[in-house]
Amino acid sequence: GEDVEQSLFLSVREGDSSVINCTYTDSSSTYLYWYKQEPGAGLQLLTYIFSNMDMKQDQRLTVLLNKKDKHLSLRIADTQTGDSAIYFCAERQGNQGGKLIFGQGTELSVKP
Amino acid sequence: DGGITQSPKYLFRKEGQNVTLSCEQNLNHDAMYWYRQDPGQGLRLIYYSQIVNDFQKGDIAEGYSVSREKKESFPLTVTSAQKNPTAFYLCASSMRYNTEAFFGQGTRLTVV
């Protein structure tokens with residue numbers, strides 16, 4: 001199968017950490033990505049991780065990859081109201097000619 | 001400025017008419033993609049192209065057609081055969097394989 005699954009909603013308070021989770025099914029995936037979408041706009045790449053890595057940190061963002069469980073997470077430290085958006089997980093499938101498959105998106109709501 | 005441009009931002013179509021959405025990139029990317037976004041369903045792949053004069057169907061190609069006559073351009077035609085065309089359409093491009101995709105700002109199509 002080609003499914004990428006995410007929970008649909010997450011609500012946090014300003015200053016807390018947010019953790020957005022994603023599961024995927026294709027074990028041949030090479031790269032996994034996190035994108036952010038603000039209302040009415042296109043998708044903005046936040047970060048990505050290669051499939052032979054366990055963790056990647058980029059300022060307030062930490063990506064964790066558990067390849068055995070096919071589980072990816074995005075942690076946002078010190079979440080701000082400007083982080084409110086929809087976050088998409090995506091996988092680049094290695095045996096599908098580089099096809100890029102997205103999850104349903106997680107809507108993050110940050111309350112002051 | 002380098003980037004990927006979709007036009008128009010908003011498009012209205014009468015039932016039974018074909019309509020073409022434009023996508024142009026000046027990033028010298030080989031691969032281009034069209035996605036459809038509906039609320040709560042994330043992004044679904046319509047068509048993708050890895051190289052000029054070649055393209056493949058995605059998961060929901062029925063009722064859509066594309067062409068890739070130039071590297072910079074990947075127009076999408078929504079035909080009258082598409083039963084539920086009202087949606088937000090996103091175009092993306094990337095280097096050939098295993099790199100991140102960059103997105104345009106989207107076209108919102110409404111059938112009236």
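First the proteins, then the strands, lettered A, B, ... as listed; each starts at 1.
- Contact count versus chain A (heavy atoms, under 4.5 Å) is highest, among B:Gln56, B:Gln6, B:Gln105, for B:Gln105.
- At a 4.5 Å heavy-atom cutoff, the contact between A:Leu45 and chain B is made by side-chain atoms alone.
- Each of B:Trp34 and B:Val111 belongs to its own hydrophobic cluster when Ile, Leu, Val, Met, Phe, Trp and Tyr are linked at side-chain heavy-atom distances under 4.5 angstrom.
- Here the closest heavy-atom approach between residue B:Lys9 and residue A:Gly40 is recorded as NZ-O, 3.6 Å.
- Taking every heavy atom of both residues into account, A:Tyr35 and B:Glu100 meet most closely at OH-C, 4.0 Å.
- When heavy atoms are compared at a cutoff of 4.5 Å, A:Glu107 does not approach chain B at all.
- For the pair B:Leu90 and A:Gly42, the tightest heavy-atom approach, listed with the atom from each and the gap, is CD2-CA, 3.7 Å.
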Ring pair (Phe, Tyr, Trp, His ring centres under 6.0 Å), that's the test. Do B:Phe103 and A:Tyr33 meet it? Break it down for me. CA-CA 13 Å; B:Phe103 281 80; A:Tyr33 305 88; over 10 Å; no
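- At a 4.5 Å heavy-atom cutoff, the contact between B:Gln37 and chain A is made by side-chain atoms alone.
- By the rule that hydrophobic residues join a cluster once side-chain heavy atoms approach within less than 4.5 Å of another member, B:Ile4 and B:Ile51 end up as members of separate clusters.
- Counting non-hydrogen atoms of neighbouring residues, nucleotides and ligands closer than 6.0 angstrom, the CD atom of A:Gln57 exceeds 12 such neighbours.
- When hydrophobic clusters are built by joining Ile, Leu, Val, Met, Phe, Trp and Tyr residues whose side-chain heavy atoms come closer than 4.5 Å, directly or via intermediates, A:Val19 is not grouped with A:Ile49.
- Across A:Leu100 and B:Tyr35, no two heavy atoms sit closer than the pair O-OH, 2.7 Å.
- Hydrophobic clustering (side-chain heavy atoms under 4.5 Å, transitive across Ile, Leu, Val, Met, Phe, Trp, Tyr) groups B:Ile60 together with B:Leu21.
- Interface remark: B:Leu45 contributes side-chain atoms only to the contact with chain A (heavy atom separation under 4.5 Å).
- Side-chain heavy atoms closer than 4.5 Å link hydrophobic residues (I, L, V, M, F, W, Y) into clusters, and following such links, possibly through other members, connects A:Phe88 to B:Phe88.
- Residues A:Arg92 and B:Ala101 come closest through the heavy atom pair NH2-N, 4.5 Å.
- Within a 6.0 Å radius of OH in B:Tyr89, other residues, nucleotides and ligands contribute more than 12 heavy atoms.
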Quick one, A:Ile101 with B:Asp59, criterion side chain to side chain contact (heavy atoms under 4.5 Å, CB included). Give me CA distance, side-chain angles, the key distance, then yes/no. CA-CA 10 Å; A:Ile101 302 296; B:Asp59 301 315; 4.2 Å; yes
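- Ranking A:Gly103, A:Ala90, A:Ala41, A:Gly105 against chain B, the residue ahead of the rest is A:Ala41, based on heavy-atom pairs under 4.5 Å.
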